[in-house]
Amino acid sequence: MNTIKRLAATALTAAAVLVPVAPALADTPYAQASIVIGKDGSPVGDSKNVVHAWQVREGLYCIILSHEVDLGGPVAVHATSVGLWGDPRWLSVTVKSPWCHAGHHGVSVRSTDTEGHPSDASFVLTVS
């Protein structure tokens, strides 16, 4: 019995190593908007209801959402870091951000390291 368990564990480990890593896509069918942003502010893969995204300066990103996204009611806006866990950071989101020059549809994301210094980051932004 122990031999079977060891063989099964070995097979699962080998399968996990051999499976190719999927590209980062903002695949969120129930969200109003979503996008994966690279460290340089460029979109990675597909996005949903996002008009434009860019990096303003180190650690500050702007995302302009389409007019189909309703930010007037109760919504959840999340920025989730993508990448190595050994690279700790804080992400904060501002809805209707003055940095993004788009009024109601501009969202900014600030990324800082654990000491509060601006730090570039890759992240997923979702608006539910």
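From a predicted model like this one, the values you see are computed outputs, not experimental measurements. All values below come from the heavy atoms of this structure, side chains included, with hydrogens, waters and symmetry mates left out.
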A.B. asks: Is Q32 reaching over with its side chain to a backbone N or O of D70, donor-acceptor style, under 3.5 angstrom?
C.D. replies: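 Yes; at least one donor-acceptor contact below 3.5 Å.
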
A.B. asks: Please tell me whether V51 and V56 are part of a single hydrophobic cluster in this structure, the criterion being side-chain heavy atoms less than 4.5 Å apart.
C.D. replies: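 Linked, V51 and V56 end up in one cluster.
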
A.B. asks: Got a sec, which residues hit side-chain contact (heavy atoms from CB on, under 4.5 Å) with S92, two or more places apart in sequence or on another chain?
C.D. replies: R110

A.B. asks: Does some side-chain heavy atom of I37 sit less than 4.5 Å from a side-chain heavy atom of L125?
C.D. replies: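 L125 vs I37: side chains apart.
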
A.B. asks: Could you state the interatomic distance from OG (S111) to NZ (K39), rounded to the nearest 0.5 Å?
C.D. replies: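 Result: 9.0 Å between the selected atoms.
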
A.B. asks: Answer yes or no: is there a side-chain heavy-atom contact under 4.5 Å between S108 and L60?
C.D. replies: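 Yes - at least one pair of side-chain heavy atoms lies under 4.5 Å apart.
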
A.B. asks: So, the side chain of Y61 versus the backbone of A121: is there a donor-acceptor pair under 3.5 Å, distance only?
C.D. replies: yes

A.B. asks: Is any side-chain heavy atom of C100 closer than 4.5 Å to a side-chain heavy atom of I63?
C.D. replies: no

A.B. asks: Quick one: does L65's side chain get under 4.5 Å of V50's, heavy atoms only?
C.D. replies: yes

A.B. asks: So, does D113 use its side chain to make a donor-acceptor pair with the main chain of S119 at under 3.5 Å?
C.D. replies: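 Side chain of D113 to backbone of S119: no pair is present.
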
A.B. asks: If you compare all heavy atoms of P43 against all heavy atoms of I35, which two are closest, and at what distance to 0.1 Å?
C.D. replies: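 P43 and I35 have their closest heavy atoms at CB-CD1, 3.9 Å.
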
A.B. asks: Just to verify, what does W54 make a ring pair (Phe, Tyr, Trp, His ring centres under 6.0 Å) with, not counting sequence neighbours?
C.D. replies: H52

A.B. asks: Can you tell me which residue among V93, T80, V109 is in a side-chain contact (heavy atoms from CB on, under 4.5 Å) with F123?
C.D. replies: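 Single side-chain contact (heavy atoms from CB on, under 4.5 Å) partner of F123 among V93, T80, V109: V109.
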
A.B. asks: Strictly distance-based, threshold 3.5 Å: is any side-chain N or O of S97 a donor or acceptor partner for the main-chain N or O of V107?
C.D. replies: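 Absent.
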
A.B. asks: To the nearest 0.5 angstrom, please state how far the CZ atom of R57 sits from the CG atom of D120.
C.D. replies: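 Here the interatomic distance stands at 11.5 Å.
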
A.B. asks: Shared ILVMFWY cluster between L91 and V75, side chains joined below 4.5 angstrom?
C.D. replies: yes

